[in-house]
Amino acid sequence: MKQDPLSDALSKINNAEESGKLECDVEPASKLIGRVLRVMQENGYLERFEYIENGRGGTYNVVLKGNINKCKVIKPRWSVSNADIEDYESRYLPAQGFGHLILTTNKGVMSHSKAKDKGVGGKLLAYVY
């Protein structure tokens, strides 16, 4: 039984990147996974992704670019204010300005740079670089 679908999805993507595959299938599909994939696509880590209905909850077919060094969920899901984002950036990312934290905020799922621009905080979901 899967305990954390987001963690399973990011692990599958990370393993596919490490093995040099061009695409992978992530299941089960959920709105949260789709929103995290959209943030990764907006920041240039994924070529595209597509939802496929298969009768078991759906699947995301993810086409990779080869730009991901590592992607992983953050547990526990820390609550962060706008002022504290830089502390977590230095904790989870290898260098400032390299990679993205993915947060869920009251304005939606977004990268930490967009959250800083909008002046909102939220809960940390994952990181990618």
Side-chain angles (χ1 to χ4, degrees):
M1 180 199 259
K2 297 178 181 179
Q3 298 295 319
D4 187 359
L6 180 60
S7 178
D8 294 340
L10 292 182
S11 293
K12 195 170 244 190
I13 290 170
N14 200 37
N15 291 340
E17 278 280 357
E18 286 179 1
S19 64
K21 293 186 178 178
L22 298 176
E23 63 180 61
C24 68
D25 290 332
V26 174
E27 62 179 354
S30 71
K31 288 180 183 179
L32 179 63
I33 293 172
R35 290 176 181 140
V36 170
L37 292 175
R38 184 166 323 282
V39 170
M40 291 171 70
Q41 182 184 21
E42 288 170 356
N43 290 295
Y45 294 103
L46 302 177
E47 184 70 36
R48 68 180 183 279
F49 66 96
E50 174 185 13
Y51 176 77
I52 301 168
E53 180 63 47
N54 62 5
R56 297 185 313 258
T59 301
Y60 285 112
N61 178 266
V62 180
V63 178
L64 305 169
K65 275 184 150 180
N67 292 347
I68 298 174
N69 294 317
K70 188 164 196 168
C71 61
K72 203 167 182 182
V73 299
I74 297 173
K75 283 198 169 183
R77 295 202 164 112
W78 304 106
S79 293
V80 295
S81 66
N82 189 22
D84 294 336
I85 289 176
E86 286 186 20
D87 296 336
Y88 288 96
E89 187 179 359
S90 65
R91 180 185 294 183
Y92 291 108
L93 301 177
Q96 191 166 4
F98 184 76
H100 293 278
L101 297 173
I102 301 173
L103 293 86
T104 180
T105 69
N106 59 354
K107 308 260 188 220
V109 177
M110 62 184 73
S111 68
H112 73 279
S113 55
K114 193 179 279 188
K116 283 199 282 191
D117 291 343
K118 290 188 175 194
V120 296
K123 289 198 179 263
L124 291 174
L125 291 176
Y127 63 88
V128 60
Y129 59 87

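Values reported hereafter were calculated over all heavy atoms of this structure, with side chains retained and with hydrogens, waters and symmetry mates removed.
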Can you measure from CG (L64) to CG (L22) and round to the nearest 0.5 angstrom? 7.5 Å
Can you confirm whether more than 12 heavy atoms, excluding those of K114, are under 6.0 Å from its NZ atom? no
For the pair H112 and V80, evaluate side chain to side chain contact (heavy atoms under 4.5 Å, CB included) and give the outcome as yes or no after the intermediate values. CA-CA 10 Å; H112 73 279; V80 295; over 6 Å; no
Could you tell me the separation between the CG atom of N43 and the NE2 atom of H100, rounded to the nearest 0.5 Å? 3.5 Å
Specify the closest pair of heavy atoms between M40 and V128, including all atoms of both residues, with the distance to one decimal. CE-CG2, 4.1 Å
G55 backbone acceptor or donor facing E53 side chain under 3.5 Å: yes
Contact between T104 and V36 at the side-chain level, heavy atoms closer than 4.5 Å - yes or no? no
ILVMFWY network linking V39 to I68, side-chain heavy atoms under 4.5 angstrom: yes
Which residues share a side-chain hydrogen bond (donor to acceptor under 3.5 Å, both in side chains) with S113, sequence neighbours left out: S111
In short, E47 meets Q41 closest at the heavy-atom pair O-NE2, 3.3 Å
Shared ILVMFWY cluster between I33 and Y45, side chains joined below 4.5 angstrom? yes
What's the shortest heavy-atom distance between I13 and C71, and which atoms? CG2-SG, 4.2 Å
Selection residues 7-17 - residue pairs positive for side-chain hydrogen bond (donor to acceptor under 3.5 Å, both in side chains), sequence neighbours left out: none
Remaining members of V63's ILVMFWY cluster at a side-chain heavy-atom cut-off under 4.5 Å? none
Of I74, L32, L101, the residue whose pairing with L125 passes side chain to side chain contact (heavy atoms under 4.5 Å, CB included): L32
Flag yes if L124 and V73 sit in one hydrophobic cluster, no otherwise; membership is Ile, Leu, Val, Met, Phe, Trp, Tyr, and two members link when side-chain heavy atoms are under 4.5 Å apart. no
By ring pair (Phe, Tyr, Trp, His ring centres under 6.0 Å), Y60 pairs with (sequence neighbours left out) F49, Y51
Excluding M110, membership of its hydrophobic cluster (Ile, Leu, Val, Met, Phe, Trp, Tyr; side-chain heavy atoms within less than 4.5 Å) reads V120
Considering all heavy atoms, the nearest T105-G121 contact: CG2-O, 3.3 Å
If I compare all heavy atoms of A115 with all of N82, which pair ends up nearest, and what's the gap? O-OD1, 4.0 Å
Could you list all the side-chain hydrogen bond (donor to acceptor under 3.5 Å, both in side chains) pairs where at least one residue sits in residues 61-80, not counting sequence neighbours? D4-K75, E23-N61, D25-N61, W78-Y92, S79-K123
Spatial distance of atom CG (L6) from atom CD1 (I102) [nearest 0.5 Å]: 8.0 Å
Roughly how far, to the nearest 0.5 Å, is the CG atom of N54 from the CZ atom of R56? 4.5 Å
